[in-house]
Amino acid sequence: MASGTPLSPEDLLLSKSGTGKAEELEGEIEDDDEELDETLAERLWGLTEMFPESVRSAAGATFDVSLSVAQKMYRFSRAALWIGTTSFMILVLPVVFETEKLQMEQQQQMQQRQILLGPNTGLSGGMPGALPSLPGKM
């Protein structure tokens, strides 16, 4: 500020006690840091007081509904997973085992046919009771 302008009473108070106030504030800040024995949860709970009651009750109701929905979804997913797995085991696995069994039987028949009729029988795909084709005739 210029030296010729008059100072307001507030400016006078600030300029006279400015350095002393800063030192006092620094001392209070250091004391506050040393005296903090509250947990994060306690501090957050204390911060809720700055919101109106309607906001706090709406947030609490939203949390309760969210928790309830999450619990119901968990129970539903557990039940659905159980029903799905047991249904798969009862309905699908026997079919899979039977098809595998049929494939194994077909492979064994093909191997027996190759052993009895010769190696070219499996490749030609002839009838099971027919004689093998002659190599010179076509």
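Atom OG1 of Thr99 and atom NZ of Lys101 lie 11.5 Å apart (nearest 0.5 Å). The CG atom of Leu93 lies 12.5 Å from the CD atom of Glu100; values are rounded to the nearest 0.5 Å. Here OG1 of Thr62 is found 12.5 Å from CG of Leu67. Values are rounded to the nearest 0.5 Å. The CD1 atom of Ile115 sits 12.0 Å away from the CE atom of Met110 when rounded to the nearest 0.5 Å. The OG atom of Ser68 lies 11.5 Å from the CZ atom of Phe63; values are rounded to the nearest 0.5 Å. Between the CG atom of Leu44 and the CD atom of Glu38 there is a distance of 9.5 Å, given to the nearest 0.5 Å.
Judged by distance alone, the side chain of Ser77 and the main-chain N or O of Tyr74 form a donor-acceptor pair under 3.5 Å. For Gln114 (side chain) and Gln111 (main-chain N/O), no donor-acceptor pair under 3.5 Å exists by modelled atom type.
Closest approach of Ser57 and Ser54 over heavy atoms only: OG-O, 3.0 Å.
The hydrophobic clustering, which links ILVMFWY residues whose side-chain heavy atoms are closer than 4.5 Å, places Phe97 and Met89 together. In terms of hydrophobic clustering, with Ile, Leu, Val, Met, Phe, Trp and Tyr side chains grouped at heavy-atom distances under 4.5 Å, Met73 and Val65 are assigned to a common cluster. Hydrophobic clustering keeps Ile90 apart from Leu81 (ILVMFWY residues linked when any side-chain heavy atoms are closer than 4.5 Å, directly or through intermediates).
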